[in-house]
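One structure is given here, and the rest of the page talks about it.
As the structure is a computational prediction, the values presented were derived from the model and not from experiment. Just so we're on the same page: letters track the sequence lines, and every chain starts at 1.
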Amino acid sequence: MSIPVLLFASYADAFGARRLDVPVGAPCRVDALVNALRSLPGGTRLPAAPLVAVNRVWAAPDAMIAAGDEVALIPPVAGG
Amino acid sequence: MSIPVLLFASYADAFGARRLDVPVGAPCRVDALVNALRSLPGGTRLPAAPLVAVNRVWAAPDAMIAAGDEVALIPPVAGG
Amino acid sequence: MHASAVLHIAVITSPIDVSALLATVAAPSAGATSLFVGTVREVNEGRAVTGIDYEAYQPMAESELRAIAEEACTTIPGLRVAVEHRVGTLLVGDVSVAIAASHAHRAPALDGARQIIEALKQRVPIWKQEHYVDGARAWVDPTSSVAAPTV
Amino acid sequence: MHASAVLHIAVITSPIDVSALLATVAAPSAGATSLFVGTVREVNEGRAVTGIDYEAYQPMAESELRAIAEEACTTIPGLRVAVEHRVGTLLVGDVSVAIAASHAHRAPALDGARQIIEALKQRVPIWKQEHYVDGARAWVDPTSSVAAPTV
């Protein structure tokens with residue numbers, strides 16, 4: 001009863017991992033997942049509205065996450 | 001009693017030469033030189049206000065040409 | 001007018017070959033090519049940088065890059081595009097991103113390359129951790145003025 | 001911020017080496033480089049082109065190119081510029097002009113290259129006679145919609 005979340009860059013540092021099983025059941029809303037993440041060690045370092053991608057596509061806070069979806073927490077991008 | 005004028009591209013074709021001694025005395029205004037050019041063979045093919053450079057700098061119709069100046073008649077530019 | 005085409009999109013770890021990118025977008029119908037090259041700078045916001053670690057969410061970075069290139073080819077008919085972003089550890093002077101956009105005319109080619117680099121900076125999930133001369137490292141956060149030190 | 005610099009200006013008859021131009025403007029302080037490349041196109045205003053003869057009023061073309069580059073470096077502090085224009089007979093696909101502009105940041109680099117190509121097209125005394133497949137030739141006159149046929 002958890003959702004695996006991919007972590008990158010500063011978020012991976014904050015949570016001390018590149019992948020985290022967040023204790024929340026699918027399906028659930030993106031913002032519900034984010035709230036669950038906040039309560040984990042390192043979660044306080046998340047910004048107000050962290051970006052989330054579901055199946056490699058940007059997902060709004062009210063988007064739904066289904067079981068098996070690839071979920072990633074995306075720090076502020078800094079390419080180029 | 002003439003002013004040598006350099007010709008390029010379509011103007012060289014029009015006058016059949018890359019250099020022309022225009023029968024007008026220095027000093028004279030740029031527009032006076034242009035008028036003299038119009039009366040030479042091929043001169044009718046000049047546009048209304050042909051561009052002129054004196055000593056490699058753009059010259060206005062009322063600019064003066066002195067003896068020994070390098071005068072060039074400049075067709076519409078098409079670089080790049 | 002040549003058809004629009006996204007000819008090449010890649011997120012790679014090896015050095016970027018800008019000449020190859022230029023050749024990729026070259027075409028007898030193209031009279032103008034605009035190439036944008038991003039390189040690692042020796043200083044950022046006043047701090048001396050020795051190198052940068054670029055990290056990508058690889059599959060999404062590629063799909064976003066392709067989407068951005070395709071959007072440019074849609075808004076600019078006739079545009080031909082090739083884009084490469086390099087990840088891994090880069091040193092000062094290394095090329096981190098290169099965008100080549102060609103077209104029959106110069107304005108669309110110049111607009112196309114610019115449109116792509118601006119969108120890339122907004123949407124492509126790639127991050128950079130700067131290495132400073134004093135040994136410190138920090139992930140760059142364009143949304144905040146100060147890079148968030150992590151070491 | 002690096003000082004502005006016009007590093008290289010040339011009107012040449014040999015092929016343009018864009019990689020060399022990029023290297024010329026490269027600098028540890030430059031995070032962005034914009035390279036504009038003009039190439040001979042196979043068609044212009046609907047007529048199939050086989051090649052172009054470029055002619056220059058050499059000394060004035062060089063001085064105008066330098067003046068244009070210096071103006072860009074004045075309006076865009078920190079800009080580093082290299083420009084080459086090729087004259088003589090060029091074939092489809094040959095590079096006729098290349099402008100490299102680098103800067104710490106991308107916007108000034110992109111603006112600089114664009115400012116230079118636009119000014120070049122207005123002020124540099126260079127002309128092109130297009131060769132068409134039917135053997136005809138015509139000097140291109142951007143001020144009139146139709147090229148003035150001369151043969």
Side-chain angles (χ1 to χ4, degrees), chain C residues 1-2 16-23 25-46 48-52 78 91-107 109-118 120-121 128 130 140, chain D residues 1-2 16-23 25-46 48-52 78 91-107 109-118 120-121 128 130 140:
Chain C
M1 178 87 73
H2 218 284
I16 292 173
D17 178 348
V18 294
S19 302
L21 285 184
L22 286 172
V25 301
S29 63
T33 302
S34 177
L35 172 77
F36 175 80
V37 178
T39 45
V40 175
R41 226 156 47 91
E42 70 187 348
V43 66
N44 187 27
E45 299 191 3
V49 172
T50 57
I52 295 182
L91 302 178
V92 172
D94 283 347
V95 174
S96 54
V97 60
I99 299 163
S102 71
H103 193 275
H105 307 295
R106 63 181 183 279
L110 289 160
D111 292 343
R114 189 160 205 162
Q115 179 177 323
I116 291 170
I117 186 61
E118 296 304 333
L120 180 155
K121 295 240 175 203
K128 52 189 171 208
E130 288 178 341
V140 170
Chain D
M1 176 87 77
H2 219 284
I16 291 174
D17 178 349
V18 294
S19 303
L21 285 184
L22 285 172
V25 301
S29 62
T33 303
S34 176
L35 172 77
F36 175 79
V37 178
T39 45
V40 174
R41 224 156 50 92
E42 69 187 348
V43 65
N44 187 26
E45 299 193 2
V49 171
T50 57
I52 294 182
L91 302 177
V92 172
D94 283 347
V95 174
S96 54
V97 61
I99 300 164
S102 71
H103 191 275
H105 307 296
R106 63 181 182 279
L110 289 159
D111 293 342
R114 189 159 207 163
Q115 179 177 323
I116 291 170
I117 186 60
E118 296 305 333
L120 179 154
K121 294 236 175 210
K128 51 189 172 207
E130 289 178 339
V140 171

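Contact annotation for C/A107: both backbone and side-chain heavy atoms come within less than 4.5 Å of a heavy atom of chain D. Interface remark: C/D111 contributes backbone and side-chain atoms alike to the contact with chain D (heavy atom separation under 4.5 Å). Residue C/A32 touches chain D through both its backbone and its side chain, counting heavy-atom pairs closer than 4.5 Å. There is no contact between C/I99 and chain D, counting heavy-atom distances below 4.5 Å.
Applying the side chain to side chain contact (heavy atoms under 4.5 Å, CB included) test to C/V43 and every residue at least two apart in sequence or in another chain returns C/R41. For the side-chain hydrogen bond (donor to acceptor under 3.5 Å, both in side chains) test, residues two or more places apart in sequence or in another chain that qualify with C/S19 are D/S19.
Contact record, C/A30 with D/T39: O-OG1, 2.7 Å, taken as the closest heavy-atom pair.
You'll find the side chain of C/R106 reaches within 4.5 Å of the side chain of D/K121, heavy atoms only. Counting heavy atoms from C-beta on, the side chains of C/V18 and D/L35 never come closer than 4.5 Å.
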